[in-house]
Amino acid sequence: MSLLKLDKLIKDFGGLRAVDEVTFEVEAGDVFGLIGPNGAGKTTVFNLITGNYEPNGGDVIFDGTRINGLAPNKIVSLGVARTFQTIRLFKSLSALENVLSGAHCRMTSGSIAAMLKTPFQRREEKEALKLALTELDFVGLGDQAETRADGLSYGNQRLLEIARALATKPKLLILDEPAGGMNEQETDALIEIIARIKARGITVLLIEHDMSLVMQACEKLVVIEYGRKIAEGLPEEIKVNKKVIEAYLGTEDEEDETCF
Amino acid sequence: MTRKAIYLLLATLLAVSPAFLNAYWVDVLNNVGMYALLALSLNLILGHAGLFHMGHAAFYAVGAYTTAILNTTYGIPVLWLMPVAGLMAGLFALMVARPIIHLRGDYLLIVTIGFVEIVRIALVNNVFGITGGSNGIFGIDRPFLFGYKIRKPHEFFYLIWGFMVVTVFLFHRLENSRFGRALNYLREDDVAAEGSGINTTHYKLIAFVIGAVWAGMVGTIYASKMTIIAPESFNFWESVVMFMIVILGGSGSIRGVILGAFLVIGLPELFRGMGAVSDLINSVFSGFGVTLNLDFSNFSQARMMIFGAAMVIMMIFRNEGLLPPLPRKYPLKKIREEMS
Amino acid sequence: STIKIGLMCPLTGSWASEGQDMKQIVELLADEVNANGGLLGKQVEIITEDDAGDPRTAALAAQRLATRDIVAVIGTYGSSITEASQNIYDEEEIIQIANGSTAIRLSEKGLKYFFRSCPRDDEQGNVAMKTLMGMGFKKIAILHDNTTYAKGLADEAKTLLKEQPVEIVFYEALTAGERDYSAILTKMKAAAPDVVLFTGYYPEAGLLLRQKVEMGWNVPFLGGDATNNPDLVKIAGKKAAEGFLFLSPPVPQDLDSAESTSFMAAYTKKYNGAPGSVWAVLSGDGFNAIAAAIKSTGSTDADTLAAYLHKDLKDMPGLTGKISFNEKGDRVGDLYRVYKVDGEGNFVLQP
Amino acid sequence: MELFFQQLTNGLAVGGIYALIALGYTMVYGVLKLINFAHGDLFTIGAYLGLTLLSALGLTDHLGPFGVVVTLAIMVMGLVAVVGIVLERIAYRPLRESNRLSAVVSALGASIFFQNAVMLIYGARYQVYPHDILPKMVIPIFGLNVPLLRILILLTSVVMMAALYFFIQKTKIGTAIRAVAIDQGAAKLMGINVNAVIMIVFIIGPALGGSAGLMVGLYYGQINFTMGWIYGLKAFTAAILGGIGNIPGAMLGGLLLGVIEALGAAYISIAWKDAIAFIVLILILIVRPTGLLGERVAEKV
Amino acid sequence: MLLEVKNLHVKYGTVEAIHGINLHVDEGEIVTILGANGAGKSTTLMTISGLMKPSEGEIWFDGKPIHTMPAHKVVEEKVTQSPEGRRVFGTLTVQENLNLGAFTAKNPKRVEETRRWIFELFPRLKERKAQLAGTLSGGEQQMLAIGRALMNNPRILLLDEPSLGLAPILVKTIFDTIREINKSGVTVVLVEQNARAALKLAHRGYVMEVGNIVLEDDANALLANPSVREAYLGGGKKE
Ligand SMILES: Nc1ncnc2c1ncn2[C@@H]1O[C@H](COP(=O)(O)OP(=O)(O)OP(=O)(O)O)[C@@H](O)[C@H]1O
Ligand SMILES: Nc1ncnc2c1ncn2[C@@H]1O[C@H](COP(=O)(O)OP(=O)(O)OP(=O)(O)O)[C@@H](O)[C@H]1O
Ligand SMILES: CC(C)C[C@H](N)C(=O)O
Ligand SMILES: [Mg+2]
Ligand SMILES: [Mg+2]
């Protein structure tokens, strides 16, 4: 059974249908790419999955349950974590505390336990710190734990967002343009991190305009344009798909190096 | 280490200060203490959760009136009523905050201002016939502690500042917990907080509730200290004062908020004392046969003006507040060792 | 060493002008006493604290005074302000003689050291009722401003009027400090009263008078004692103020006792002009009473003085008439008079 | 029914004043996202300056009633604008880059300062405008007698609103003001002098507030140093009700607030009228979280 | 020499982000600045535009010092920037955004000509004249940002990561457009993450690392430079 299934998903903004009956399935363990021109509705699809928007029609089935309409935090605790297209870190908090926010949903002790400092609360706090450090190490920011998030370089901020998402112990990780603003070398490092995430058994769904990343990292792609799915398949198939070339990749010429 | 030493020194100084001060100055310290407690409770909502809340006096009022009504009609000792007052204020907060918790920034601000005004007007109009209207309620008992009746400023000093010690201790723990962090997350970016699995609505409400519970308990102290309460003591301006203390002191910082209370409440009193200062100088000089006619007492009419200017200046020079919060400390070394 | 007497009054805030007058009057009287050799052979010293017309500031001011070895304290003006300080003086066993605080309950608490040189609102309510009845009004509107004093007086009058063959067609509260009361006047007008009893303070009274004339409504107004202030005419304008009736203890100008005349002469000489309202003058009566008590008992002990004031001070000639206190500390005697504003804006004592 | 319309005009007159103050509030907010709590005190200053000028210059001897009002209005608006510019320079500009709430507290400090400065300069007693500057004309409209001045107040605020709206929406400077409101840095890259634009805003906003103060003085006669606080709060409420930052919204909010108060007082209870107004406000905000005309920008994630 | 940056130091608060760089741009050139994230490229552009003030050093444009000018004066000198992240005025229309681009222009006729040229360059903008900028797609916003900058008839156009977040097909369009703009006589400074494309387009390039310029050369030479290849062109599995 697939881990995530979108079934005729619809989202309207006023008169604009940003997502129009989009249907696809993501198999557990895959790295799955969602691509398409600017404004095609990719981010909107993500927001529908993560509960930031409520669909006007259709369903999102995650791990066998229908999750549309649930609050974002509920969906996170079910095992869907995300990063944002424009970085949304907690700027004035340390990298460590940013990652701890991810660990939050796996903890239970509340305000009264905190005031009393119960043994359970202390143990839980310690476990959370261990988890956070592990994830920071995983993305290579272990030595920056105490740096304020806005003091990190742009690329590292992107990685920190990934670490924060990983700390929620997700089954599905959703990345919105993780390589945006990265140069090629940084992108290569990111590809490697995505591979290691996959190796941990986490399914990845990503949006990206950087074709070198998409082609290297993804096992399967879906392409949307004007809110509709126009193609689906293996990267090699997509690359030569006429519709995709016309709408998204552009005609191949000697300059194709600029984007591939 | 040195910071701890400084705090300890300051605390000791404060603790022994009533021995050297007259009732008036002790009462000023009591006022500072009460406002500091109120501001600390507001700080959870405004400073930590970043919710623009300018209606804290409403919760304070609910606590004070709960105490006053239950004490004067059933004769329940006031200190027993402290948790009841807290509870009532908390419940009230839960009730009123629920429908408006999703409002943003300035819209929330005006709604919370609306709360204080509605509460005050309701009190003035004697809702349910139990609030005594604009007269308020009088004849509230003094607190008894271990059979000892607390009456004088010096005695209230230890009650108020004792409660402060407890509050600081608990709030410090609260701040440095999962709960405190959650509030900060939603202050920084509530979409990202939701996206990290934090139920922001829940935490906003809890922040309101805990803040209200504390304000309600301070309400108990206030009611028993004044023995008479009236709606005017809980007007919008009171909320503004608490708000200023938090921002001026440093939102999210316990030590900042306490310092803020000293300045916002203490400064105007200090300026008022200027008349006495000139009298003192005059009398010293007349002791030497020199007649001086200094009169700083006009200064006391200008004291609020100077205070206003001082606030602007302090904000300009310390725009993050006087003592902004320090980053939380985590025992990373220890954890690392355990990990490896 | 000196005998210290405290004065608590509003030197700042919206009642600042009353407080200034109180200070001048009490200091004038103290100077006179000192010129005549003082009390018990000692000079009298007045120690003033500003209560800003605000309960919380008043509590602090009381706390300050309590630390300064005073024998007694005079003041203050508004009932709710006085109330905030009562407990403090009582606990410190200091005699307090309030001058402008007429709310009934202030003296119903059994406080041993509390006195007031002004009358009480039950008396005022009674006089209001009689005045209204005497003028033959049948339909009465009552308007207050929800302050301790104004609401108390309004309630008192309402209770008394209910027993009379008249109809109360309107009873509500306005919000003090606003500018536009036309919505309220419109509503009141629709109730068609013969007369309006307004128990609030002079700034609102002035605006009400002015706006009712602007509406073209000619209903007569009767005001409570808090409308006794020359600013009323300034705000309303002479035309709108003309015919306005209010209740008040008599001002010294209208008394022909020796004390009143000599006081007025001295005051005018020193400060060029008459005091603004009667309330400040009543603080002078408070001072005279305590001075008399100290002189007669030869003591500065609070209990002795309180006992003397309660029982032995009888019909002392004061600036506003004869002064005695009952066991509750209230001033005895029918003090309230009716005044009317004439076309020139003068307050004329009605026979 | 006649009573209803009478109350409606009562409400509109009060609302007109709220609207005029709210326009200034909203202007400043729109550009700086600053809740200028001192705005109410600029209104007070306008009222006092009007009185001072009136008595100092003896205008009434030389000009007809409307000449007096217009001259006064121009002078008061000019002077209050100067105060506004100084206020911005000293209390707000240094805080432009910092936390929004710091600026709010600075505004509160400025408000305390102004209020007490006025008290020290003019004294604590009520001050009164002369009663006979404007003819007390009453105009019959649909069987109601409406004082001329009320119509003038309402008219002024509508005209000001329209002028302001046109200025902001259609002129080059207006576009620049809106650009500065959105992104100051980007506006600089367009060659816009951001300080100058903010100064313009701090000329218009305070001038409007000052003119409202003058009008209150002329119409109601009585002024005192604390009056700005209540009016300021009401105007802030009005601005929020209409959707803060939105100019027609401020107008709508002001008028609506005035009408709600008048009708609340008439048909429910005078003593509860402010509470009623707040309850209506809260209900409206629950349904429309950004006010009546406020943009509903669902944050794009 | 049209633009010259001499020994430029820039600080954020107390932290120095640019440690004394020198660079120059000749009339008619496309010069690209490469560098990792946080190297200081945007800071350099912002300082040239006058939004940040140097703590030390000078910036000269066409023989005038511009580092002492406030930002809006720099724009009047026809030094124009299309900033990182586009920063279009979201609640204004496309038309209004373009008008603001010409805020300092004095000659209305010239403005109309420029507008026509921009509409030829980006027909999409003409179609969407009345649309609010915030509702445009990412690529359209990028066009608007560049178009808005061109409205000022710049002598030098500073472009900060114009391809950020754009679909491949649009990246091509944008780069083609830059070439065209340059051909029409506008000098261009281009900051790009997409180093390969930038170098193909540019005449010369600089490489920045943590606030310093570490390399300066012809674009082709940089493309061939092994250390540049390794650091910025990705060692990855290139097809
Ligand atoms: N909150 C919103 N309100 C109104 N319109 C929206 C909203 N969010 C997205 N849209 C519109 O929906 C369409 C799809 O936007 P979306 O952000 O999903 O595009 P995208 O595929 O992620 O594009 P890009 O690659 O540029 O990020 C766009 O036209 C956008 O303007
Ligand atoms: N507002 C700021 N406050 C403090 N430091 C800043 C600020 N903006 C940038 N910096 C720091 O200045 C340095 C240079 O940043 P800059 O944005 O100029 O880099 P860049 O080369 O443009 O990087 P990118 O490729 O990420 O856009 C970085 O170390 C960054 O952390
Ligand atoms: C002095 C008086 C005008 C005050 C009023 N009688 C009161 O008790 O508050
Ligand atoms: Mg997107
Ligand atoms: Mg950059």
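Residue numbers start from 1 in every chain, and the chains themselves are labelled A, B, ... in the order their sequence lines are given, proteins ahead of strands.
Ion pairing of B:Asp106 with D:Lys33 is absent here, as no side-chain N (NZ or NE/NH1/NH2) approaches a carboxylate O to less than 4.0 Å. A salt bridge is absent between B:Glu188 and B:Arg181: the closest approach of a Lys/Arg side-chain nitrogen to an acidic carboxylate oxygen does not fall below 4.0 angstrom.
Looking at heavy atoms from C-beta onward, B:Phe243 lies in side-chain contact with D:Val105 at the 4.5 angstrom threshold. At least one side-chain heavy atom of B:Arg120 sits less than 4.5 Å from a side-chain heavy atom of B:Glu232. Contact of the B:Ile265 side chain with the B:Ile245 side chain is registered, since non-hydrogen atoms from C-beta on lie closer than 4.5 Å. Between D:Tyr25 and D:Phe37, the closest side-chain pair of non-hydrogen atoms falls below 4.5 Å.
Atom OH of D:Tyr165 is surrounded by 12 or fewer heavy atoms from other residues, nucleotides or ligands within 6.0 Å.
Looking at B:Met311, the atoms closer than 4.5 Å to chain D (heavy atoms on both sides) all sit in the side chain, from C-beta outward. Neither the backbone nor the side chain of B:Val96 comes within contact range of chain D, judged by heavy atoms closer than 4.5 Å. Of the two parts of D:Ile240, the backbone and the side chain both hold a non-hydrogen atom closer than 4.5 Å to a non-hydrogen atom of chain B. Contact of D:Ile286 with chain B is made through backbone and side chain together, with heavy-atom distances under 4.5 Å. For a residue to count as touching a neighbouring chain, one of its non-hydrogen atoms must lie under 4.5 Å from one of that chain's; by this rule D:Tyr92 does not touch chain B. For B:Phe317, no part sits under 4.5 Å from any heavy atom of chain D, backbone or side chain. Contact of B:Leu109 with chain D is made through the side chain alone, with heavy-atom distances under 4.5 Å. At a 4.5 Å heavy-atom cutoff, D:Phe114 makes no contact with chain B through either its backbone or its side chain. Contact of D:Arg100 with chain B is made through the side chain alone, with heavy-atom distances under 4.5 Å. With a threshold of 4.5 angstrom between heavy atoms, B:Ala122 approaches chain D through its backbone and through its side chain. For B:Leu103, the part lying near chain D is the side chain, with the backbone staying farther off; criterion is any non-hydrogen pair under 4.5 Å. With a 4.5 Å cut-off on non-hydrogen atoms, D:Ile276 does not touch chain B at all.
Ring centroids of B:Phe171 and B:His48 are separated by 6.0 Å or more, keeping the two rings apart.
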